[in-house]
Amino acid sequence: MKEIGERVKEQKGAKRVRRKLDKQQVAEIFAECAMLLELKGENPFRIRSFVNTARQLRALEGDVGEMLATGEIAQVSGIGKGTIERLEEIAKTGTLAEYEALKQAFPAGLLEMLKVPGLGSKKVRALYERLQISSLGELEYACRENRLLALEGFGVKTQENILKGIDHVKRFQGRFLVSVARRVAERFLLELRGLVEVERAEVAGSLRRWKETVKDVDLVVATCEATKVMDWFVGHEWVASVVGHGPTKSSVVLGNGLQVDLRAVSREQYPYALMHFTGSKEHNTVMRGRAKDRGMKLNEYGLFRGEELVRCEDEAAIYRALDLYEIPPEMREDQGEFERAVEPLATLVTRESLRGVFHAHTTESDGSARLEEMAEACRARGWSYLGISDHSQSAHYANGLTVERVLRQHEEVEALNQKWSDFVILKGIESDILVDGSLDYGEDILARFDFVIASVHSHFKMTEEAMTARIIKAIEHPATTMLGHPTGRLLLSREGYPLEMTQIIDAAIAHGVIIEMNANPYRLDIDWRFLAKACARGLLVSINPDAHSIEGLEDVVFGVGSARKGGLVPAQVFNTWPREEVQRWLVARKRRAIGEADA
DNA sequence: GCCGTTTTCGGCCCGACTGTTTTCAGTCG
């Protein structure tokens with residue numbers, strides 16, 4: 001096995017002479033340019049092109065520098081001559097002269113101000129030029145001094161809304177975990193569907209697409225008494241303030257700061273409206289373009305040929321009318337789904353297709369339920385196995401298991417497994433990946449587990465090269481069955497450690513290691529954006545709840561949502577396989593590991 | 001800025017609601 005130092009040298013050698021371009025950083029330059037150009041009042045289509053470039057770069061699979069060198073980058077839609085010149089400038093100088101000039105022209109605080117709901121580029125520019133306000137703090141102060149009233153186009157109401165908006169930005173960063181938004185949405189749906197005026201109701205927006213975080217909750221109802229439904233909605237007990245209240249559209253903010261939007265349409269308009277408000281914006285743009293190409297027009301009220309409605313009973317029919325097969329809501333991101341939908345899409349993984357779970361903790365380490373309780377909870381869900389995985393010995397903070405406690409737990413598992421004919425507990429461990437990339441027990445102990453999840457829990461501050469090498473070393477360990485939460489990110493609170501994910505995925509495929517889709521709503525790690533291409537290359541994924549309680553087992557629904565975004569079908573998800581196949585695979589994996597270790 | 005059986009210019013998706021207006025710009029999705 002190679003040492004980490006050697007590997008780092010090899011990788012550096014392989015990178016050739018060109019400066020490494022970090023696509024996220026490059027994308028950020030284009031995204032910021034777009035905002036600054038908006039402040040400048042540039043041509044909106046030029047701005048859109050910058051936004052599009054940022055988006056394309058973020059979604060890019062390969063290395064930007066490489067693609068630039070080979071000319072492959074020109075194949076990416078929306079990237080033309082001008083963008084290529086800019087990318088070359090960044091490769092050469094590390095930045096863009098135009099970007100630096102824009103940053104000189106507009107203080108960084110203006111970009112913060114743009115995050116305030118209701119403040120767009122025009123208003124921010126007016127505040128800056130007329131009142132010399134250039135930060136959130138200054139803006140808040142100016143509102144409290146009533147100074148905005150002097151500006152044309154600003155009034156008392158605007159000033160109040162800006163103050164509320166600043167509070168919102170400061171308190172919530174403007175985004176919420178999918179789990180928080182789901183709970184809210186399901187309660188509203190239940191109540192809406194109970195109203196006599198409501199014929200149909202559904203969640204739309206990024207929540208229906210199962211994005212990992214959302215800005216708001218979008219709801220769509222079919223009704224012929226929209227006004228009554230809207231009045232009910234804005235009067236709901238959870239509503240803290242009403243942002244908008246019209247006959248077809250209302251927006252409210254709840255006590256926890258989450259905004260909920262409700263749109264009402266007729267029964268006939270419902271499929272079109274549901275599709276329109278599910279989005280994404282990028283997906284809709286392509287759909288409307290397809291409609292236009294075919295001499296039609298698509299909006300939330302219908303698909304029209306001239307004045308005449310092209311009747312569609314459901315969303316599937318709208319796709320068919322535009323020569324596509326139905327695209328599941330989760331995949332509507334304009335991230336390659338249109339290319340796939342020229343033929344019928346395979347049925348995606350569902351909550352119901354899971355037959356068991358891996359990665360759950362018990363009171364033995366830092367869980368809140370005992371082993372037997374966790375197992376019974378899984379049985380009650382109709383699952384046929386539970387892969388238990390408490391923390392390993394180095395995880396002192398989580399009461400990790402010493403060798404003696406591991407052996408004792410194995411006895412307990414074996415005793416419990418006598419109880420059931422329809423269910424089995426698989427012996428596992430969530431082994432820390434130590435700083436040098438090794439696992440947390442000796443070979444003899446590791447060999448006793450049915451499976452081993454290897455995860456990083458400490459020493460986050462490493463260089464990208466060192467962290468990548470550390471994790472690859474763990475993947476190469478013969479005892480490793482799965483890689484746990486690959487980036488360590490905590491959504492809305494902690495960035496993942498730096499990592500070259502493509503290399504990690506390549507190593508996992510090469511060594512037959514499963515990568516976990518950690519379904520904890522704070523993690524959703526591996527990121528769904530990697531899944532489609534990785535699984536097409538042979539990566540196997542497992543949707544793991546990382547449950548620390550019985551309720552935590554239900555977190556699998558969030559993992560399923562993310563896996564569906566990545567377009568995963570059941571065969572690509574390990575824990576949808578029949579138990580016998582899972583066990584056979586694990587045994588074969590261990591045999592191979594023993595062979596590798598002996599060799 | 002990008003793109004083209006529409007090809008070197010002209011178009012680029014579309015509609016609701018708010019606030020400050022008195023006919024509409026700005027913002028949002």
Side-chain angles (χ1 to χ4, degrees), chain A residues 30 33-34 37-39 41-56 74-87 96 98 113-127 148-162 164-165 174 204-209 214-220 226 230 234 242-252 259-265 269 272-273 275-293 295-304 322 332 334:
Chain A
F30 280 92
C33 272
L37 287 168
E38 228 183 311
L39 287 172
E42 259 282 1
N43 173 358
F45 297 107
R46 182 162 185 260
I47 294 166
R48 187 190 295 176
S49 153
F50 274 76
V51 172
N52 186 40
T53 299
R55 207 170 78 76
Q56 293 287 20
Q75 304 305 312
V76 180
S77 132
I79 293 189
K81 194 159 145 274
T83 304
I84 290 175
E85 277 169 18
R86 286 184 175 77
L87 286 171
L96 276 181
E98 185 180 8
M113 287 160 64
L114 280 174
K115 290 182 189 161
V116 176
L119 275 189
S121 56
K122 300 270 172 32
K123 285 206 163 96
V124 167
R125 192 169 158 202
L127 289 164
L148 268 53
L149 304 183
L151 277 186
E152 197 179 320
F154 288 76
V156 177
K157 224 37 202 269
T158 310
Q159 187 169 270
E160 279 172 12
N161 286 338
I162 290 174
K164 277 190 215 157
S206 51
L207 193 55
R208 184 162 179 244
R209 301 198 313 276
V214 301
K215 202 163 70 65
D216 56 23
V217 171
D218 293 297
L219 302 167
V220 181
M230 290 296 163
V234 299
V242 178
V243 179
H245 184 185
T248 68
K249 175 185 175 179
S250 294
S251 299
V252 300
Q259 179 166 325
V260 185
D261 295 343
L262 178 65
R263 300 293 294 236
V265 294
Q269 295 163 336
Y272 311 95
M275 164 172 283
H276 179 89
F277 294 113
T278 298
S280 65
K281 202 168 63 198
E282 293 82 5
H283 182 91
N284 285 353
T285 302
V286 174
M287 289 293 283
R288 284 193 289 265
R290 288 186 77 98
K292 200 170 172 185
D293 290 345
M296 296 181 274
K297 188 178 82 164
L298 179 64
N299 61 28
E300 59 261 59
Y301 302 115
L303 177 64
F304 300 94
L322 300 177
R332 299 178 193 170
D334 188 23

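Here is how names work: the chains are called A, B, and so on, in the same order as the sequence lines, proteins then strands, and each is numbered from 1.
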*Which value, in whole Å, describes the distance between the C1' atoms of nucleotides B/dG10 and B/dG15?*
24 Å
*NA contact type, A/Pro117, heavy-atom cut-off 4.0 Å: base, sugar-phosphate, or nothing?*
sugar-phosphate
*If you pin A/Gly155 and A/Asp218 to their nearest nucleotides in DNA chain B, which one's is more 5'?*
A/Gly155
*A/Leu149 side chain reached by A/Phe154 side chain, heavy atoms, under 4.5 Å*: no
*With sugar-phosphate meaning primed atoms plus P, OP1 and OP2, does A/Leu119 contact a base, only sugar-phosphate, or nothing at under 4.0 Å between heavy atoms?*
sugar-phosphate
*Between A/Asp261 and A/Gln259, do the side chains contain an N or O donor and an N or O acceptor separated by less than 3.5 Å?*
yes
_Taking B/dT7 as the reference, what is the distance to B/dC17 when you measure between their P atoms (whole Å, please)?_
40 Å
*At under 4.0 Å between heavy atoms, what does A/Arg290 touch on the DNA or RNA strands: base, sugar-phosphate, or nothing?*
nothing
*Whole Å only: how far is the CG atom of A/Leu87 from the P atom of B/dG1?*
13 Å
*Across all strands shown, which nucleotide pairs with B/dT8 by Watson-Crick or G-U wobble geometry, both distances under 3.5 Å?*
none
*asked:* Whether A/Thr248 contacts B/dC17 is assessed here as follows: a side-chain N or O lying under 4.0 Å from the phosphate OP1 or OP2. Is that the case?
replied: yes
*Phosphate contact (B/dC17 OP1 or OP2) by A/Ser250 side-chain N/O below 4.0 Å*: no
*Looking at B/dC14, B/dG19, B/dG26, which one has an atom nearest to any side-chain atom of A/Asn161?*
B/dG19
*Would you call A/Lys122 and A/Glu38 a salt bridge, taking side-chain N to carboxylate O under 4.0 Å as the test?*
no
*Base, sugar-phosphate alone, or nothing: which one does A/Ser251 contact when heavy atoms must sit under 4.0 Å apart?*
nothing
*Among B/dC2, B/dT18, B/dT27, which nucleotide sits nearest the side chain of A/His245?*
B/dT18
*Determine: side-chain N/O of A/Tyr301 to OP1/OP2 of B/dC14, distance under 4.0 Å, yes or no.*
no
*Just compare B/dC17, B/dG29, B/dT27 and give me whichever is closest to any side-chain atom of A/Lys123.*
B/dT27
*Are OP1 or OP2 of B/dG29 and a side-chain N or O of A/Lys249 less than 4.0 angstrom apart?*
no
*Any side-chain N or O of A/Arg288 under 4.0 Å from OP1/OP2 of B/dC13?*
no
_Starting the side chain at C-beta, find the nucleotide from B/dG15, B/dC12, B/dG1 nearest to A/Lys292._
B/dC12
*Specify the separation, in whole Å, of atom CD of A/Glu300 and atom P of B/dC13.*
15 Å
*asked:* Check the phosphate of B/dG15 against A/Arg263, side-chain N and O only, distance under 4.0 Å to OP1 or OP2. Yes or no?
replied: no
_Distance, C1' atom - from B/dG11 to B/dA16, rounded to whole angstrom_ = 25 Å
*Where each residue is assigned the nucleotide of DNA chain B containing its nearest heavy atom, which of A/Ile47 and A/Lys157 is assigned the position nearer the 5′ end?*
A/Ile47
_Distance check needed: B/dG10 P versus A/Arg48 CZ, whole Å only._
19 Å
*Rounded interatomic separation in angstrom, taking CG from A/Asn52 and P from B/dC3*: 9 Å
*With P as the reference atom in both, quote the distance from B/dT5 to B/dG1 in angstrom, rounded to an integer.*
22 Å
*OP1, OP2 of B/dG29 versus side-chain N and O of A/Lys215: anything below 4.0 Å?*
yes
*Is there a donor-acceptor pair under 3.5 Å between the side chain of A/Asn299 and the backbone N or O of A/Gly302?*
yes
*Looking only at atom C1', what distance separates B/dC3 and B/dT8, rounded to whole Å?*
11 Å
*Starting at CD of A/Gln159 and ending at P of B/dG26, how long is that distance when rounded to a whole Å?*
19 Å
*Is the phosphate of B/dT20, meaning OP1 or OP2, less than 4.0 Å from a side-chain N or O of A/Thr158?*
yes
*Check whether any side-chain nitrogen or oxygen of A/Lys115 sits under 4.0 Å from OP1 or OP2 of B/dC28, and answer yes or no.*
no
*For A/Asn284 and B/dC14, is the shortest distance between a side-chain N/O and OP1 or OP2 below 4.0 Å?*
no
*For the pair made of CZ in A/Phe277 and P in B/dG15, what is the distance, rounded to whole Å?*
11 Å
*Base, sugar-phosphate alone, or nothing: which one does A/Val116 contact when heavy atoms must sit under 4.0 Å apart?*
sugar-phosphate
*Evaluate the side-chain proximity of A/Arg263 to A/Asp218: yes if any heavy-atom separation is below 4.5 Å, no if none is.*
no
*For A/Ser121, which contact category applies under a 4.0 Å heavy-atom criterion: base, sugar-phosphate, or nothing?*
sugar-phosphate
_Contact check, side chains of A/Glu282 and A/Val286, non-hydrogen atoms, under 4.5 Å_ = no
*asked:* Whole angstroms only, please: what is the NZ-C1' distance between A/Lys164 and B/dT18?
replied: 12 Å
*asked:* For the P atoms, the ones on B/dC12 and on B/dT6, what distance do you get once it is rounded to whole angstrom?
replied: 14 Å
*Look at A/Asp334 together with A/Lys281 and state whether they make a salt bridge at an N to O cut-off of under 4.0 Å.*
no
*Would you kindly check whether a donor in the side chain of A/Asn43 faces an acceptor in the base of B/dG1, or vice versa, at under 3.5 angstrom?*
yes
*asked:* What is the separation between atom CG on A/Leu298 and atom C1' on B/dC13, rounded to the nearest whole Å?
replied: 9 Å
*When rounded to the nearest Å, what value does the distance between C1' atoms of B/dT20 and B/dC13 take?*
27 Å
*Taking atom C1' in both B/dG26 and B/dT21, what distance in whole Å separates the two?*
12 Å
*Can A/Arg208 and A/Thr278 be counted as having a side-chain donor-acceptor contact under 3.5 angstrom?*
yes
